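What follows is one structure encoded as structure tokens, with my remarks underneath.
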Amino acid sequence: MIELDDVRRVYDDFSLTLCFSVADDEILALLGSSGSGKTTTLRIIAGFERLDSGRLLINGVDMADVSPQQREIGYVFQDYTLFPHLNVEQNVAYGLRVAAVAPLERRRRVAELLEMVDLAQFGKRAVHTLSGGEQQRVAVARALARKPRALLLDEPFSAIDSDLREDLRRHLMRVQRALRVPTIFVTHSRTEALSVGDRIIVLRAGAIDDQGTPQQLYQRPRTAYTARFLGRANIIRTAQLSAYGFGTAGGGDQTSADAELLMIRPEHVVLRPAEQTAETAEAAAVTFPARVVRSTYHGLYREYELETAIGPLYAVSNREFSDGSSLVAGFPPSHLTPVAPDALR
Amino acid sequence: MAGGLGRGDALKRPAAWIIVCGFLLLLIPPVIAVLGAGVIDLGPTAWLERVRAVLQRPGTWRSLRFSVLQAAVSALVCVVLALPGAYYLSHYSFPGKRVVQSLSLLPFVLPSLIVILAVLSFYGRNGVLNQLLGTDLVIVYSPVGIVIAHVLFNISVGLRIIAAGWMEVDERYREVSAGLGEGPLGRLWRLHLPLLLPAILGAGGIIFLYCFVSFGIVLIFGGVRWATLEVRIYQEMFVNLNLAAAGALAALQLGVCAALVFVLQWTSARRRTGSRRGRRFRVRQWNVLKPITRVICTIYWAAVALFFFSPLAAIVIRAFRPADRWSTAAFTALLTGRVGDRDIHEIIRADLGELIRTSLGIALVTAALTTAVAFAAARAVRGQRVPLLDAVTSLPLAVSSVTFSLGIWLLGSRIAPGIFLIWITQSLMAFPLVFRSVRNVTDTFPLRYTETAQSLGAPLWFRIRTLEIPILWRGLVNAFTFAFALSLSDFTAVFTIGRGEIVTFPVAMYRLIGFQSFDVALALGVWYIAIVALVFAIIDTTSYAREGQGL
């Protein structure tokens, strides 16, 4: 288990404050934009950055005076940093050599790891001959060779073709489940965070903006920032909705009505042609007129930019409406989520 | 954000200070020993009197003027002649390019005595040029001879530095300039020369320094009439035994050189500010060049080969044709120790085996010591820009080897064996070039490799042994080779500190020339070139072999 207890790191123009933990069988996704402190968080855990205050515990042991080489943490860098003068086997065996593991045992363990990452036939290959995905798997095998107490992955899929990413994500999850090692991976991709992480922490300007399971964060984000970061979100002032039935009986709960801002995802916005007002009202308690400004085709669905009485909105639908057409839009109250406003740090 | 804050710098700053202080502690006392030589013997008043006297001598200022003039002319000629060659080396792939690149290591490998012999063999009264032209020109024992020898010695420095400068110029600038309608001459004047200026100044400055403190060439070709400050320091110290005068002259020389070193450092710091990100550079193949370009390129290299590289070939020819007849007598003499009634081994004060063992032994220890110290220092300041460190570690370029060797000898001759003092002296004199070379290499080592190895549990020495040395192997070997070559070709330190007891190739050649045994000296020069070529081939092959194994 990894625990960061009010950890702080301060630089001239940036400070990082963290408080979270990762369970043994958990994959935690650290999600954030560039400069939010994701990589620095990994580097603090790995021991490459010192703490200014707070405590970092791994399996209950305070890491304050433990050097990076003694922390027993597997770290996979964004570009994998496979040692160019060693072949695949030698790279995987590097940590075992450090630990002076006997050659026979070393060979057995390397073969086992390469088998696990589906690279059993690649042992003698020079690392520069491997594809990005293969290099990533070698780097993971190398990081796991010494049975680390935690696995840290910095943007592990960023250098991989999008076609391969899905396979590699599944692969990583399978390996992690098999080894039950607490894993933190850094990403700026919400798709990766949502599909791989058991839990997601959204970092913003050096602090945790929100955290929860992928479903919680996507459906019920705490802040407008997280709502937008995890996907297209309509953020609406609650006051603007009261004229359209919100807050009255059947038109939203009290918590939502008390909130300053509400969020609804585009896929939850109900769209009907103007003449189907009644059907819309059945599906959504809050309804109002809308006009299509622009539509974008995405294959399975169309995304619409709408001009409405409560301001611009996004909606998706598999129905086709032409630009300029008049519609009725509606919000099912159960999908309206109160969110905290953006407070720029 | 945080990742780019250079957080390691503050932690590593003390390392830079330790290196600077350690280096100055080794460098300054010997220089002060020479500058202040005579104070203890004469007392301050008499010492000051002598210093004043030497500074009031017209000859002193004449020597300073001549030192500056000959160095400036040599540097100018080198840079002008090297400009087209550097362009060809950097932009074209032409037949024999590898040979030219190898020859560009010459100044680091050849003792000045071999260059002197080469110039005499080719440009001397009985030289190849006079024989080819059927003339009787006497040009070598004059400032012209000094400049010819300096250009021969240093043109390859110009080629190397300016070619590297050309390679820093982004190919796309040329395309943009052409797109804006600029012609080739306008582009050279308004675009390329300003971009190349730091490299040109850098090359010119370094060549100026080498020529300003050059000793053997000026001593032989200039004699007493055309003496530089360096020659005068030697004369005052060893001929006139006037330590105060030698110290005053050394201070004068050091002032000029140190000023130039700091200017060079400043220009090179400016040069490094340019971004290399996304830079594009293309080498054109020989067969796609226009015929006229190929002809001009061929004529250029033929002329350079004839006037600057063929004198070296003349050494070999003259060694095998001592009296206009093909003969191996000079080589046999080196082995048997006798030529006529002369005992060659007595003249040299060593036999050939001892000579090779001593020369290679000193060079190996010096090279290992210099490379190891440079590597440790470069690791300690990896990734940092510390202008003061760069300037201080360049200071040996400003100190003449005669001054420094004398200082080391004055301070250390009673407490340490000569060979130890020679190692220290040669290491310090080679340090600027070796450190720069090692630093360039260590700065390319990604910090992430270190961090990955740390996360895998590797302690410092394990990381150095299994990662840094194997990955940086080629660069370290190059630096070792530099140091090895500089030590092998060193005459001044061995001659000044060894006091005749320690005999290396350059010292042996000096003795043979002194005893008018030119043929045997030439044969020894051929031996020297052969051994150097063999050692370099072994080093080169070994490091390429390791590279082939992924190392």
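The model shown is predicted, which means the values in this text are computed figures rather than measured ones. Here is the naming used below: chain letters follow the sequence lines, and residue numbers restart at 1 for every chain.
Neither the backbone nor the side chain of B:Pro446 comes within contact range of chain A, judged by heavy atoms closer than 4.5 Å.
B:Pro459 approaches A:Val98 most closely through the heavy-atom pair CD-CG1, 4.0 Å. Of all heavy-atom pairs between A:Phe48 and B:Glu451, the closest is CZ-O, 3.0 Å.
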key: Residues B:Phe462, A:Arg97; criterion side chain to side chain contact (heavy atoms under 4.5 Å, CB included); working and verdict   = CA-CA 10 Å; B:Phe462 193 89; A:Arg97 276 177 66 198; 4.0 Å; yes
query = Would B:Tyr449 and A:Phe77 count as a side chain to side chain contact (heavy atoms under 4.5 Å, CB included) if you check the C-alpha gap in whole Å, the side-chain angles of each, and the deciding distance to 0.1 Å?
reply = CA-CA 9 Å; B:Tyr449 285 165; A:Phe77 282 86; over 6 Å; no
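Annotation: A:Glu105, atom CD; neighbour count of heavy atoms from other residues, nucleotides and ligands within 6.0 Å is above 12. Around atom CD of A:Glu115, no more than 12 heavy atoms belonging to other residues, nucleotides or ligands sit under 6.0 Å away.
Taking 4.5 Å as the heavy-atom cut-off, the residues of residues 139-153 of chain A that approach chain B are A:Arg142, A:Ala143, A:Arg146, ordered by number.
The line from CG of B:Leu467 to CG of A:Leu86 is 7.0 Å long, rounded to the nearest 0.5 Å. Summarising the geometry, atom OG belonging to B:Ser455 is positioned 9.5 Å from atom CD belonging to A:Gln69; distances are rounded to the nearest 0.5 Å. Taken from CZ in B:Arg448 to CD in A:Gln78, the straight-line distance is 8.5 Å, to the nearest 0.5 Å.
No other option in A:Val127, A:Thr81, A:Val76, A:Asn87 has as many heavy-atom pairs under 4.5 Å with chain B as A:Thr81.
Applying the ring-ring contact (aromatic ring centres under 6.0 Å, His included) criterion to A:Tyr225, with sequence neighbours excluded, gives A:Phe229.
A distance-only check finds a donor-acceptor pair linking the side chain of A:His85 to the backbone of B:Thr466 [under 3.5 Å].
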